[in-house]
Amino acid sequence: MAQKYRLTYFNLRARAEPTRLVFAAAGVEYEDVRIQRDKWPDLKPNTPMGQLPVLEVGGVTLCQSMAIARYVAKETGLAGKTKLEEAQADMLVDGIDDLRGRQAVIRKASEDRKEECKKELADFAPDFLSKYENLCGPHGHLVGDSLTWADLVFYDVMSKVLVVLPGALDGFPKLAKVMDTVTANEGVATWLAKRPDTPH
Amino acid sequence: MPAYKLTYFNARGRAEPIRLLFAAAGIKYEDVRIEGADWPALKPKTPMGHLPILEVDGTTLCESTTIARFVAKRAGMVGKDDLEEAKADMIVDGVKEVFRKLLTMFFEKDESKKEELKKDVFENTLPECLRSFGKLANPSGYFVGDSLSWADVEFYNLMEMVRPSFPGDLLKDNANLSKVIANVGGNPAIAKWIKERPESAF
């Protein structure tokens, strides 16, 4: 029987991983399609905006990774309990992109620029994370008192930042608690253990 | 006393979609515009050190797209179910991508690089965006369902921003998108706001 949800991306974590984490945390099954690069030119014109990931559901094809992740979060009860909580989750997800971008650029940088990019991340992170520490709730969740997709997106970005800056969460106990809460989630833990190993 | 207080600079910029939505929904709000000189004192009091912010129900939201989505939800302009809401979200995300490229172009100081970026936006970014979006809007001129949503408003605002740098009828062969523009611009409350809003350079 075909799955209700069909997610298509490359064989990478990158922009599809937040959605995969939401499905995992919620324990909801989906088709996790990973295409080879050489198949992409044929598929591209059949996507809404010429990009991946896409999510096929109910005869509709969605694109834009955060629109997809938010939709799956809503469908699985991980978007926030009130409209205000949903907005708080949204803003924390939007904001984290500044940190994500500065980490992602390291991988793409030429060898002679890599150290400079790492330093830029190291300079940027403390001030940024102190704002998030301020906004973070005390329960091991960024928003409210239960898991939302904001926690999962934060985890996804932060786990990559920690590879470059292992001490980045020192002095930010609430954010560190969010990381623990996410990895302690049974669905997430199972997924982390079994997900395909990919370069990024 | 309005329940909403929007704070931004005296500009359309990242706040204008929010103001358009408040207008379309007929929701009263405090439209605070600060002077550049007052920003350093306010900055540390904002959630993430940038504007716009929206104070509502005892909390402060930031991130212009988040605020616009929140106001649109309160206005019933997001779509009728999760799937429609997701379609609106993806359109707005697509709009944001073009907006970011425009900003990069606007702020480029090197003249020859700026020309290169402008050429890329005109020859690649805009045509591709308008081609995709033209298929995503329906023939009645709505991105979602059959009534005005925030996706339509965000697209309208984008085209307003594009026009000064790229005059000419970019939508002349795009019936669906031309209708989206007509639907938004023809909305009486939006038309009234556009006529009466404060003048600003951008």
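Every chain is numbered from 1 and lettered A, B, ... according to where its sequence line falls, protein lines coming before strand lines.
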Report the C-alpha separation of B:Leu83 and A:Glu75 in whole Å, then their side-chain angles, then the decisive distance to 0.1 Å, and conclude whether the side-chain contact (heavy atoms from CB on, under 4.5 Å) test is met. CA-CA 9 Å; B:Leu83 206 44; A:Glu75 291 278 284; over 6 Å; no
Could you give me the CA-CA distance, side-chain angles and deciding distance for B:Asp89 and A:Tyr71, then say whether side-chain contact (heavy atoms from CB on, under 4.5 Å) is met? CA-CA 9 Å; B:Asp89 283 345; A:Tyr71 168 74; over 6 Å; no
Evaluate the criterion side-chain contact (heavy atoms from CB on, under 4.5 Å) for residue pair B:Arg69 and A:Lys83; output intermediate values, then yes/no. CA-CA 10 Å; B:Arg69 183 183 300 104; A:Lys83 285 193 171 43; over 6 Å; no
Determine, step by step, whether A:Asp90 and B:Phe70 satisfy the side-chain contact (heavy atoms from CB on, under 4.5 Å) criterion, reporting the C-alpha distance in whole Å, the side-chain angles of both residues, the deciding distance to 0.1 Å, and the verdict. CA-CA 9 Å; A:Asp90 283 346; B:Phe70 178 76; over 6 Å; no
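To the nearest 0.5 Å, the span separating OG1 on B:Thr66 from CD on A:Glu86 amounts to 11.0 Å. With rounding to the nearest 0.5 angstrom, the CD atom of B:Glu63 is 10.5 Å from the CD1 atom of A:Ile96. Note that CG of A:Leu55 and CE of B:Met90 are 10.5 Å apart. Values are rounded to the nearest 0.5 Å. Here CG of A:Asp98 is found 9.0 Å from CE of B:Met48. Values are rounded to the nearest 0.5 Å. Here A:Cys63 contributes atom SG and B:Asp93 contributes atom CG; the two are 8.0 Å apart, rounded to the nearest 0.5 Å. The structure places SG of B:Cys62 at 8.5 Å from CG of A:Asp94, a figure rounded to the nearest 0.5 Å.
Between chain A and the options B:Ile67, B:Leu54, B:Thr65, B:Thr59, heavy-atom pairs under 4.5 Å are most frequent for B:Thr59.
The existence of a salt bridge linking B:Glu85 and A:Arg70 is excluded, since no basic side-chain nitrogen approaches an acidic carboxylate oxygen closer than 4.0 Å.
Residue-environment remark: NZ (B:Lys73) exceeds the threshold of 12 foreign heavy atoms within 6.0 Å. The environment of CZ in A:Phe124 is crowded: more than 12 heavy-atom neighbours from other residues, nucleotides or ligands sit within 6.0 Å. Atom CG of A:Asp38 sits in a crowded spot, with more than 12 heavy atoms from other residues, nucleotides or ligands closer than 6.0 Å. Around atom CZ of A:Arg15, no more than 12 heavy atoms belonging to other residues, nucleotides or ligands sit under 6.0 Å away.
If you measure heavy-atom distances from A:Thr61 to chain B, the contacts under 4.5 Å come from the backbone alone. A:Phe128 does not touch chain B: none of its heavy atoms, backbone or side chain, sits under 4.5 Å away. Only the side chain of B:Glu97 comes within contact range of chain A, with heavy atoms under 4.5 Å apart. For a residue to count as touching a neighbouring chain, one of its non-hydrogen atoms must lie under 4.5 Å from one of that chain's; by this rule A:Leu135 touches chain B with the side chain only. Proximity to chain B involves both the backbone and the side chain of A:Leu92, based on heavy atoms less than 4.5 angstrom apart. Looking at B:Leu136, only its side chain comes within 4.5 Å of chain A, counting heavy atoms on both sides. Contact annotation for A:Val93: neither backbone nor side-chain heavy atoms come within less than 4.5 Å of a heavy atom of chain B.
Of the possible donor and acceptor atoms, none in the side chain of B:Ser132 sits under 3.5 Å from a partner among the backbone N and O of A:Met49.
A heavy-atom distance below 4.5 Å is not found between the side chains of B:Pro47 and A:Lys131.
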